Amino acid sequence: MPRTKSSQRWLARNARDKYVTRARQEGARSRAIYKIEEIDRRDHLLRPGMTVVDLGAAPGGWSQYVKSRVGDAGRVLALDILPMEPIVGVEFIEGDFTQQPVLDSLLNRLKDKKVDLVISDMAPNMTGVASVDQARSMHLAE
């Protein structure tokens with residue numbers, strides 16, 4: 001199936017993106033790693049030993065960064081409806097966290113341990129139709 005023109009433009013723009021290039025060179029999962037790194041530097045979110053839940057984690061850039069910051073004493077639990085390649089030291093749960101079985105799986109893994117931080121870089125699939133995209137974004141936020 002041939003790619004659409006908008007898809008071709010996105011791929012070309014993505015290939016020239018300095019953060020995409022940097023992520024590839026540094027072995028990062030995605031360019032999003034630099035977003036969480038900047039937030040962490042500014043707000044001092046992460047400390048060794050923390051337990052962090054990453055919602056909407058795939059492809060794993062945020063989880064990868066967080067694990068490097070919380071260290072071996074810390075814990076990262078990543079959830080996504082999409083599959084994600086394993087990251088050493090990150091526990092992955094595939095599924096929709098708004099569904100009870102997936103939430104139960106998370107709670108079972110936590111075993112009554114408190115979570116120090118919940119992070120998320122989720123976004124709905126965009127259609128380009130403002131009213132639809134806004135409604136999807138609001139639903140996700142809820």
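All of these numbers come straight from a predicted model, not from anything done at the bench.
Here L82 is tied into one hydrophobic group with I81, each link being a pair of ILVMFWY side chains closer than 4.5 Å.
W62 CH2 to I39 CD1: the interatomic distance, rounded to the nearest 0.5 Å, is 4.5 Å. Atom-to-atom distance recorded for R75:CZ and K67:NZ is 9.5 Å, nearest 0.5 angstrom. The CD1 atom of I33 lies 6.5 Å from the OG atom of S68; values are rounded to the nearest 0.5 Å. The CG atom of D43 lies 9.5 Å from the CD atom of E38; values are rounded to the nearest 0.5 Å. Between E142 atom CD and S137 atom OG the span is 11.0 Å, to the nearest 0.5 Å. With rounding to the nearest 0.5 Å, the separation of CG in L45 from CD in E37 is 12.5 Å.
For T98, the side chain to side chain donor-acceptor pair (under 3.5 Å) criterion is met by D96, not counting sequence neighbours. R42 pairs by the side chain to side chain donor-acceptor pair (under 3.5 Å) definition with nothing, not counting sequence neighbours. Listed by chain and number, the residues in a side chain to side chain donor-acceptor pair (under 3.5 Å) with D104 are Q100 (sequence neighbours excluded). The side chain to side chain donor-acceptor pair (under 3.5 Å) test applied to T127 returns D133, not counting sequence neighbours. Contacts of D121 classified as salt bridge (charged side-chain N to carboxylate O under 4.0 Å, His left out), with partners at least two apart in sequence or in another chain: K35.
Scanning both residues, L46 and R69, for their nearest heavy atoms gives O-NH2, 3.0 Å. Nearest heavy atoms, P83 versus A58: O-CB, 3.8 Å. Closest heavy-atom contact between M84 and A78: CE-CB, 3.9 Å.
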task: For V66 and D54, run side chain to side chain contact (heavy atoms under 4.5 Å, CB included): C-alpha distance rounded to whole Å, both residues' side-chain angles, the deciding distance at 0.1 Å, then the answer.
output: CA-CA 9 Å; V66 170; D54 183 1; 5.9 Å; no
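Using a 4.5 Å cut-off on side-chain heavy atoms (C-beta onward), I87 and F92 make no contact. When side chains are defined from C-beta on, T51 counts as touching L110, because their heavy atoms get closer than 4.5 Å. Counting heavy atoms from C-beta outward, F97 and L106 have side chains that stay 4.5 Å or more apart.
Applying the 6.0 Å contact sphere to CZ of R109 captures more than 12 heavy atoms from other residues, nucleotides or ligands.
Under a hydrophobic-cluster definition in which Ile, Leu, Val, Met, Phe, Trp and Tyr are linked whenever side-chain heavy atoms come within less than 4.5 Å, directly or via other members, V115 and V102 are assigned to the same cluster.
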